[in-house]
Structure formats: C-alpha cells, structure tokens
Number of protein chains: 2
Amino acid sequence: MSQHRHPGAPGRAGAVPALPDLPEATVARLPEYLRALHNLAESGHETVSSEGLASAAGVNSAKLRKDLSHLGSYGTRGVGYDVALLVDQIEYVLGLTQRRAVALVGVGNLGHALAGYDGFAGRGFRIAALLDADPSRVGEEINGLVVRHVDELPRVAAEEAIAIGVIATPARAAQAVADQLVAVGVTSILNFAPCVLSVPEGVDVRKVDLAIELQILSFHEHRKASLTALPATGGSALTALPGGLAVTDTQEAIGT
Amino acid sequence: MSQHRHPGAPGRAGAVPALPDLPEATVARLPEYLRALHNLAESGHETVSSEGLASAAGVNSAKLRKDLSHLGSYGTRGVGYDVALLVDQIEYVLGLTQRRAVALVGVGNLGHALAGYDGFAGRGFRIAALLDADPSRVGEEINGLVVRHVDELPRVAAEEAIAIGVIATPARAAQAVADQLVAVGVTSILNFAPCVLSVPEGVDVRKVDLAIELQILSFHEHRKASLTALPATGGSALTALPGGLAVTDTQEAIGT
DNA sequence: CGCGATTTGTGCACGTCTTCACAAGCGCCT
DNA sequence: AGGCGCTTGTGAAGACGTGCACAAATCGCG
C-alpha cells in the first residue's frame, strides 16, 4: 500500500506528509466544513470567504479561520478560500483520500439502518462486512452484502484491511465484540451500544448514544420550563413563547 | 398533568424547583452517570464511591465529584453516594420525572430504526408520533404506531404535548421540517440530517451525524499511520502493535 | 468516647478553546 | 503605479474545563 499522494499544496515546497497535530476541537469541526464545502462546490462556488463558509457550517468566522490556519495557509487575503483546494486539503488531513473499509457488527434494528445508510459511501467510507452473532441473521443479505458470523472476523480482516469497526450490538455484547475487533488489529471503534468499552492504549473509541442526546435536550427543556415559571429572575434571554409561528432567518440557510 | 413532585432532597429545606445552571460539559455527562447508576442498582449496590461510579462511567473520579457537587451535596463522606437517591436527583435535574413525548419525523432507513429503538422507552421518553412526507409511507404501522403525514403535525401537537422533535429526513427536507416543528411550539430538536438548521432563539438543536463520527476516527487513524511511518519523532505514546491480543482494562477512553 | 480509615467536596493551578481586534497581504480600479 | 477596500491569519485576553491535592466530614472499632 503506497501512501496516497498529497493532493493539495500545488506549488508549496516543504514537509509533505507530516500531519500537524490539530486541536481535538478543530478535528471535530473539519468534517462539518467539508460537508459545507461540498455543498458550495455543487452550487458552483469556486471561492468562499471565511464568513460564508462559517455560516454554512454553523460556526463563528473567527473560529473557522483559526481552524483552517492550523492546516496551513490555504486562503487568499482579500479573496477567500479556493473551494476545491480546501476540499482536497481537508480530505487529505482527515485521511479520506483512501476509501476506508468499515466492519459493522450487529445488524439488529440500528445496524440494519446503518448498513443501508448512504451517507457512508458518499463520504469516504465503504462498508466491507456485516457481522452478527445471531445464527438466524447470518446469511441474510442487506444492501448487497451477506451477513456473516462474528467469529469470521479474523477471516474478514484477512480479506480486507478493516480500518474502523462499528458496534451496533446490545450493550451486553459490546465489550466482547470490541475485544474481538481489537484482536484482529482494528484501532478505531465507533460504539453505538450504551456502555463504556475498555480497550488497550492506542485504540480510539467514539461513542454515540441516542438516548443521551435526548436526555441532554430534556435537561434544557426542563430548564426553559422552570425559567418561564419563575419570571422574577432577571434574564431577557428567552423571549420565545410557543405557538408564535416564528420562522427562522437568523442564520444564512444552507444552499443545497 | 401536575408537575411531578421533586423526588430527591428528602430532608433538605430550601429552594425546591430552582435548577442550578450546570456547566454544559457536566450536563453532557449526567446521562452517562445515570446509566451507570441504573446498572449498579440492578446489580444490587446500594451505595457507590466516586471512584466506583467514575470507572463505571468511564471518567475521572475528580471530575465526577465536581460534576455531582454542582447539583448539591448528595454524597456521604467516608461512605459514598446512595445509588437510589442519586438516580432520583439526576433524573429530576434532567427533567426525566415526566416521560417526555417525542415526535419522529422521517421514517426512512434511519427513522425506522429509531422508531424501534427500545433505548428510548427505557430512558424516560415515549415516541408519541411518527410522521413522514411521503404519502406511500403514511399509514404504515411501525412498533404499534401508525405513520401519519407530516402536515398533520399541528393536530398531533394538539393531541399531546410534544417535548422534542427528532428529524431523520434527508438533508434537503430537514429545514422545512424544523420550521414546522418550531411552528407548533417544539423547542428542542434532535437532528440526524447532515445539514445546519437555523431556528429562532430559544430553540435548542443537537446534531448527530454518523458520517462525521467516522471521519473523526479516520483522522486519528490517518495520524496513527503517519506516526508509525515516521519512527523518528520522539513520542513513546503508541506502543500498540496489532495482533497482540491485548485485552481491556486500561479504561482510557477517548474524550468527547 | 476517641481515633484512624475512608471518602467527599473544593481551592487552585494548568491547559484548552473561544473570541476580539487588528496588522499584513492581495486584488482591483483609477 | 499607487491607493483603497476587502479578507485572511494571528496575538492576546478571557472563558471554560480538567485534575491534583488536601481539608472537612463521616463511619466503625476498640
């Protein structure tokens, strides 16, 4: 596997493959910038200002400029950023120039949906294998892929270089699956099971828990309710009364 | 629908319903503590130390103590925290004492999975309505609920107090759905569509983008690869070689 | 009743992230 | 060629989050 060629930085001399170590907060925003840039490119924009891109991505323009400055100077003062160039840059930094293979374990309710999610294919990933521990699910075909038994993981890993493992099993099975993924060399795991995984150092785990997101919203909902119940407290922050037909316009809507 | 009685703080005199305004980072962790506490309660623990709860939730014990201290003193020095009491407290703060009604818009691939996700019912939420704009999907029954047309949203909202709207539509439809939700008084939205929503002030939006999570993992994967390719750089950070059957216990998870 | 073991709650220092504000640089127009 | 308006890139300050380390508080035991 030869390293993919660095696509951006056309005339720029200097260290080529050295990845700057970006702040974690910046890394978390780059994908959002990338999505906004793709939209802009589709709608014909060749360049974009930090202001324009920031509002398309839903962030502050100063933050965006600082984020982009961490990957180098790819803007032109007085003009803005070249959309195509920036896309290449961000895709390179995120490691999306190679289409990474994803193994999805657990094809229950959620796993089914993930297997059919077209947002993966369009954004640099390819579901390379579907696995499940339930023999009655093995053999089922989803989106052109046949579900295999999770014990075949070593064979699957031998066939293709699995870059990322996705766990969509019940919580009680998640740790065992994680151990199996680690055992075959997977060092990045996306965990949808509501539990904490313990993994050896060097393995990254990101967790997505749908119920947690709802609970966070519930907190704010609860707080809003308790505030409107006590009008004494001084804030002029919330003016929103329900039913007000208030329609948007606050932020530049995105151009699809 | 009377306000549920504040369950915790049994002997405590003072302001009853006043919600302390917690740091956002703390709020984001409370649901995780809550889940860990439920597990502990099921396995028979009556009390738990900050150390124990912290490791069950995958965080530092000092951080956990500071988080809990924000909601008041509910621990006993030398002993730990009363599990049941803490559960009540956190559920109260998160506003989970009332089972909140959720309207789910978009019953495609992902929406289907969400409609069947049992993690909602078990954690303080109830899917009150399924909606979709596609007439061919209207009428379909999922998990005992019939899909209704999204234009019926005002009627749905009149029937039940919708606390939270979940958007699981394609990106191009998401803004319109958000506007409709806001128009019927929804002030909390969980958005699965890969786009930025603009909403009036006072409305909370949380976004979950599966592809973004993968891209963040991809970045770290890319970085790990570029580091092992350049062994010169001084870090002793990564010692992990694949294939090593290294099992668990480190507890280092990735930060959010 | 007092003492030691244990665990919480928190002051403090440190690092990270955000935001402002502005100098430096670029292109365009005259 | 020169000046002017626009936009990037960044220093500095402030807000926020984290983790250490320890005092205060509680329980159990002799």
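In the text below, chain A, chain B and the rest are named by the order of the sequence lines, each starting its count at 1.
- Checking the phosphate oxygens (OP1, OP2) of C:dG9, a side-chain nitrogen or oxygen of B:Ser73 falls inside 4.0 Å.
- If you take NZ of A:Lys66 and P of C:dC22, they are 15 Å apart, rounded to a whole angstrom.
- Where A:Val79 and A:Ala25 meet DNA chain C, the nucleotide closest to each residue was compared, and A:Ala25 sits on the side nearer the 5' end.
- Looking only at distances, a side-chain donor or acceptor of A:Ser218 sits under 3.5 Å from a matching main-chain atom of B:Leu94.
- For the pairing with B:Leu86, the side chain to side chain contact (heavy atoms under 4.5 Å, CB included) check across B:Leu37, B:Leu40, B:Thr47 returns one residue only, B:Leu37.
- Regarding A:Leu53, its CG atom lies at a distance of 14 Å from the P atom of D:dT7, rounded to whole Å.
- Within the structure, every side-chain polar atom (N or O) of B:Ser50 is placed at least 4.0 Å from both OP1 and OP2 of C:dT7.
- Between the C1' atom of D:dC16 and the NZ atom of B:Lys63 lies a distance of 13 Å, rounded to the nearest Å.
- Both A:Tyr81 and B:Glu24 lie close to DNA chain D; mapped to their nearest nucleotides by heavy-atom distance, the more 5′-ward contact belongs to A:Tyr81.
- The interatomic distance linking B:Glu51 (CD) with D:dA21 (C1') rounds to 14 Å, in whole Å.
- With rounding to whole Å, A:His70 atom NE2 is found 12 Å from D:dG9 atom P.
- For D:dT8, the OP1/OP2 oxygens have no side-chain nitrogen or oxygen of A:Thr76 closer than 4.0 Å.
- Summary of the strand contacts: A:Gly78 and A:Ser69 both lie near DNA chain D, and taking for each the nucleotide with the nearest heavy atom, the more 5' one is attributed to A:Gly78.
- Side-chain atoms of B:Asp67 and B:Thr26 include a donor-acceptor pair closer than 3.5 Å.
- Although no hydrogens or angles enter the test, the distance criterion places a donor-acceptor pair under 3.5 Å between the side chain of B:Lys224 and the main chain of A:Gly202.
- Nucleotide D:dG9 holds its P atom 15 Å from the CG atom of A:Asn60, rounded to whole Å.
- Between the CZ atom of B:Arg77 and the C1' atom of D:dA23 there is a distance of 8 Å, given to the nearest Å.
- In this structure, B:Glu24 places its CD atom where more than 12 heavy-atom neighbours from other residues, nucleotides or ligands lie under 6.0 Å away.
- Residue A:Arg65 places its side chain closer to D:dT10 than to any other of D:dA21, C:dT18, D:dT10.
- Computed from coordinates, the A:Arg29 CZ to C:dC17 P distance equals 8 Å when rounded to whole Å.
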